[in-house]
Amino acid sequence: MLSLAEAQAAILARIQPATRTEVQALARANGRYTATALHARVDNPAFDNSAMDGYALNSRDLGAHGFVLPVAGESSCGSAPQQLAPGTAMRIFTGAPLPAGADTVVMQEDVERTGEQVRFPQNTRAGNHVRRCGDDFRAGDALYAPGRRLCAYDLALLSAAGVAEVSVTVRPRVLVVATGDELVAPGQPLRPGQIYESNRLATLLLLEVLGAEAVDGGTVRDDPAALRALLKNSTDYDFIITSGGASVGDHDLVKQVFAEIGEINFWKAKIKPGKPVAFGCIGTSTHFFALPGNPVSSLVTFKLFVEPALYAWHHSQQPVLELPAIAANGFQRKPGRMEFLRARLWSENGELKAEVLAGQGSHQIGTLRYTNGFIRIGEDSQGFAAGERVRTLPLL
Ligand code: AMP
Ligand code: MG
């Protein structure tokens with residue numbers, strides 16, 4: 001059985017990354033991945049300007065005029081001011097251009113204004129409250145490398161840099177299918193032995209957030225013929241993700257069908273929850289994941305396997321933020337698999353704390369309402385005591 005790292009490496013080695021790109025306006029590029037490097041079109045700031053509402057002046061004039069200067073002219077946002085007349089101060093507002101001849105801004109709270117005369121503080125420092133042209137970035141600077149997943153902050157930055165549209169990799173088309181004779185949609189009555197289906201919705205929504213075009217393939221019964229019929233006509237998808245039917249019970253139909261129509265790369269990993277998880281390919285460019293049916297296993301394996309695969313498909317890399325924390329309670333276990341415990345994380349006196357939540361069964365989706373991260377336990381570990389350092393993965 002593969003370790004987590006081995007299974008992840010096997011996936012990354014097998015992913016066929018996207019070959020097509022498209023151009024999108026910034027407003028439509030949230031969550032998409034850059035296909036090219038992106039460069040600034042302008043300097044930021046584009047010109048020297050004021051960081052405060054106040055007065056622009058030449059610092060050399062202050063001592064010469066006893067720190068009192070007459071006000072002449074005004075610089076406001078959106079237009080170019082006159083040159084600063086020698087021996088005067090100019091009214092100026094935040095973001096307005098610094099007039100030629102000025103080198104300093106004094107904020108209005110620090111002056112005494114009497115009519116058209118302004119008294120400035122004696123400790124005024126040259127260069128104060130001036131934002132210099134290009135102190136953030138310069139026209140032509142490379143802002144993003146290819147493979148960057150763009151978020152709202154990135155799109156704001158690109159907008160400020162004068163970039164109107166970006167070239168991004170196309171969205172992968174992903175088919176999501178749940179399997180199981182027992183599964184019923186919420187809103188329907190439950191007959192004996194039935195349960196409400198929940199994995200498909202979570203998978204579809206997680207895919208959307210990751211920039212994929214998720215297609216709902218519905219629920220199929222535990223019938224190889226039905227699954228075969230559905231999947232055989234699905235090779236135009238970049239990914240197929242199934243849930244359930246992948247364990248070693250009598251109904252492990254997913255493995256059977258994937259083995260027939262494609263090539264299974266691995267079908268088990270040394271992790272908990274989520275041991276019965278399979279990955280492989282149909283043809284050269286359709287990747288499949290058979291995720292476990294237990295709801296928590298399904299979510300954990302999505303994060304550990306599908307997410308990095310999607311990033312790789314976009315020529316990118318999944319960001320992983322693992323943080324040390326102090327365990328608020330202990331947890332003992334049998335070594336052997338890498339384990340992900342649902343946990344509550346919080347900050348206390350400048351330290352991250354992590355509490356193992358009660359209810360770690362892989363069917364116990366109820367625990368998720370208190371979960372904002374995982375505690376990760378190494379394969380060989382027997383657990384930890386309260387007060388020990390643990391490794392955590394926040395879920396943001
Ligand atoms: P399986 O992997 O099909 O053996 O399923 C393992 C467990 O997960 C069983 O208790 C199933 O009832 C449950 N399960 C399977 N698929 C789903 C699903 N889509 N939503 C919720 N529970 C599921
Ligand atoms: Mg099943």
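Hydrogens, waters and symmetry mates play no part in the numbers below; they use all other heavy atoms, side chains included. Counting convention: from 1, in listed order, for ligands and their atoms alike.
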Top protein contact for [atom], by heavy-atom distance:
| atom | answer |
| --- | --- |
| atom 3 (O) of ligand 1 | Gly245 N, 2.7 Å |
| atom 4 (O) of ligand 1 | Ser247 OG, 3.3 Å |
| atom 7 (C) of ligand 1 | Asn294 OD1, 3.4 Å |
| atom 18 (C) of ligand 1 | Asn199 ND2, 3.3 Å |

Both conditions, 6.0 Å and 45 degrees, for the charged tip of Arg173 above the ring of Tyr237: are they met here?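 The answer is yes; both the distance and angle limits are met.
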Measure from [atom] to every heavy atom in [options] and give the option owning the shortest one.
| atom | options | answer |
| --- | --- | --- |
| atom 22 (N) of ligand 1 | Val184, Thr242, Ile195 | Ile195 |
| atom 21 (C) of ligand 1 | Ser198, Pro292, Pro276, Ser243 | Ser198 |
| atom 23 (C) of ligand 1 | Gly193, Ala202, Gly293 | Gly293 |

May I ask whether [X] has any heavy atom positioned less than 4.0 angstrom from an atom of ligand 1?
| X | result |
| --- | --- |
| Glu197 | yes |
| Glu182 | yes |
| Gly180 | no |

Any salt bridge between Lys272 and Glu379, counting N to O under 4.0 Å? no
If only atom types and distance count, is the side chain of Glu388 paired as donor or acceptor with the main-chain N or O of Phe384 below 3.5 Å? no
Leu183 N/O to ligand 1 N/O under 3.5 Å: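 N/O-N/O distance under 3.5 Å: no.
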In one Ile/Leu/Val/Met/Phe/Trp/Tyr side-chain cluster, 4.5 Å: Phe239, Leu175: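 No, separate clusters.
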Quick check, are the ring centers of Phe289 and Phe279 under 6.0 angstrom apart? yes
Residue pair Tyr33 / Arg148, side-chain donor-acceptor N/O under 3.5 Å: no
